[in-house]
There are 2 protein chains.
Amino acid sequence: MPAIAPPDPRYSETQRRTIDAAMDLFAEHGVSGTSFQMIADAVGVTKAAIYHQFKTKDAIVLAVAEVGLSPLEDALAEAEQQPTPEAQRELLLTRVVELAVARRRWVNALQGDPVMIRLLGSHDPFVDLMARVYMVLMGIADDGPTERMRIAIISAAIGAAIVHPLVVDMDDDTVRTELLAVTRRLFDLPD
Amino acid sequence: MPAIAPPDPRYSETQRRTIDAAMDLFAEHGVSGTSFQMIADAVGVTKAAIYHQFKTKDAIVLAVAEVGLSPLEDALAEAEQQPTPEAQRELLLTRVVELAVARRRWVNALQGDPVMIRLLGSHDPFVDLMARVYMVLMGIADDGPTERMRIAIISAAIGAAIVHPLVVDMDDDTVRTELLAVTRRLFDLPD
DNA sequence: GTCTATATCGAGATAGAC
DNA sequence: GTCTATCTCGATATAGAC
């Protein structure tokens, strides 16, 4: 096992620089509010150089979504290997909270932006991924409105609370601890 | 007291048509993703006609925010008249949930869009309004991280959960009931 | 992989007639 | 209050040289 995580083989090093810059800009201005020029400026090259890496702006959005969601994929795979539904749910919840807090600024762009939502909703791999996430979070529970609302609130709360004005100036440790405590409580998990 | 709510005197009837159309479009495409032309088409007039009502696009965004937040202002004023902090909090929570669910599609645009967030954060009346809302929701509780996170989660959850994929096809009554139950529970209020 | 240069389109915005 | 016509700029995108 390598000491550091291997780079995502789906994209080259130069592409990753573009993706990282785009992620920052999407988080700050939204997808529609971010132009090719802004991305090129942030990377420090011209628009044409970016177009050499990605044929369209949609391709960049897709790449940002893929790279942004890949830690979630890993966490889900790890969780699904747990023996019981309870253990699966518990591990996934912990990982998701950790990931979300560590990458607060980006999570917002990924789950809140209308362009991103449309893309994620029309791209099967993303739909399947989220379906699996919700399945694990639901666990053995029934599929009634109460349980569905509970999952929705927990998912939404994690994504939206971490960028809330009341929370932006809190350090990651505190946010992670408090968020985990509240979500565990919503799941009726022991403290 | 009139049988129907009086129209907001801040804007004319034609302006209200524009604001309503813009609200729909902002909710669907985001502020940056909505052009003047799209608004004009939705209203059924030309761009120039819209420019006669609002000097800039920012003015429309501001108007949408003002009209969108005015029910919240009313609810807050009503809540602040309650005798005890507990009663204030309880009434505001109930009203906010009702409002949010009734206007689900728009709440998302108001609280999630980067342009809107920037506007709301730089416009004193909005900052003051939200400060008052948080003050009532905090109630007599301390200002520690646990309580701040709790308010952030509840606020975020209300805004984000109502548009969550798991919830979009649920009827308003169910969403309101379940959301109220969960948020009341987070506040340690009796069922 | 990056550049300059250019094409094309739609954006926000204004002028002036009706 | 709405229209047609127009301006200017920045957006996505492409061609072809280095």
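All of these numbers come straight from a predicted model, not from anything done at the bench. Here is how names work: the chains are called A, B, and so on, in the same order as the sequence lines, proteins then strands, and each is numbered from 1. In what follows, every heavy atom counts, from backbone to side chain, and hydrogens, waters and symmetry copies are set aside.
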(Q) Quick check for you: among D:dG1, D:dC3, D:dA11, whose closest atom lies nearest to any side-chain atom of B:Thr14? (A)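 Nearest nucleotide to the side chain: D:dG1.
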**Q.** Selected nucleotide, minimal atom distance to B:Ser12 side chain, candidates D:dA11, D:dT2, D:dG1
**A.**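 So the side chain of B:Ser12 is nearest to D:dG1.
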Using whole Å, what does the distance between atom [atom2] of nucleotide [N] and atom [atom1] of [X] come to?
{"X": "B:Asp41", "N": "D:dT2", "atom1": "CG", "atom2": "P", "result": "14 Å"}
{"X": "B:Phe54", "N": "D:dT2", "atom1": "CZ", "atom2": "C1'", "result": "15 Å"}
{"X": "B:Tyr11", "N": "D:dG1", "atom1": "OH", "atom2": "C1'", "result": "19 Å"}
{"X": "A:Arg16", "N": "C:dG1", "atom1": "CZ", "atom2": "P", "result": "15 Å"}
{"X": "A:Gln53", "N": "C:dC3", "atom1": "CD", "atom2": "C1'", "result": "13 Å"}

Q. Between B:Asp169, B:Asp171, B:Asp172, which is the residue that forms a salt bridge (charged side-chain N to carboxylate O under 4.0 Å, His left out) with B:Arg104?
A.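 Considering B:Asp169, B:Asp171, B:Asp172, a salt bridge (charged side-chain N to carboxylate O under 4.0 Å, His left out) with B:Arg104 is found only for B:Asp172.
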(Q) What I want to check is whether the side chains of A:Glu66 and A:Tyr11 have a donor and an acceptor closer together than 3.5 Å. (A)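 There is such a pair (donor and acceptor under 3.5 Å, judged by atom type) between the side chains of A:Glu66 and A:Tyr11.
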Interatomic distance, [X] atom [atom1] to [Y] atom [atom2] [nearest 0.5 angstrom]:
{"X": "A:Ile154", "Y": "A:Ile151", "atom1": "CD1", "atom2": "CD1", "value": "5.5 Å"}
{"X": "A:Leu186", "Y": "B:Ile153", "atom1": "CG", "atom2": "CD1", "value": "7.5 Å"}
{"X": "B:Ser12", "Y": "B:Arg17", "atom1": "OG", "atom2": "CZ", "value": "8.0 Å"}
{"X": "B:Glu80", "Y": "B:Met135", "atom1": "CD", "atom2": "CE", "value": "8.5 Å"}

**Q.** 5' precedence on DNA chain D between A:Gln37 and B:Gly44 (nearest-nucleotide basis)
**A.**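 Nearer the 5' end of the strand: B:Gly44.
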**Q.** Contact pattern, 5' to 3', of nucleotides 13-18 of chain D - B, S or - by protein heavy atom under 4.0 Å
**A.** BBB---
(Q) By the 4.0 Å heavy-atom rule, please label A:Thr34 as base, sugar-phosphate, or nothing. (A)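 Counting heavy atoms under 4.0 Å across all strands, the contact made by A:Thr34 is with sugar-phosphate only.
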Q: Verify the contact: side-chain N or O of B:Thr46 to OP1 or OP2 of D:dC3, cut-off strictly under 4.0 Å; return yes or no.
A: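 Yes, such a contact exists.
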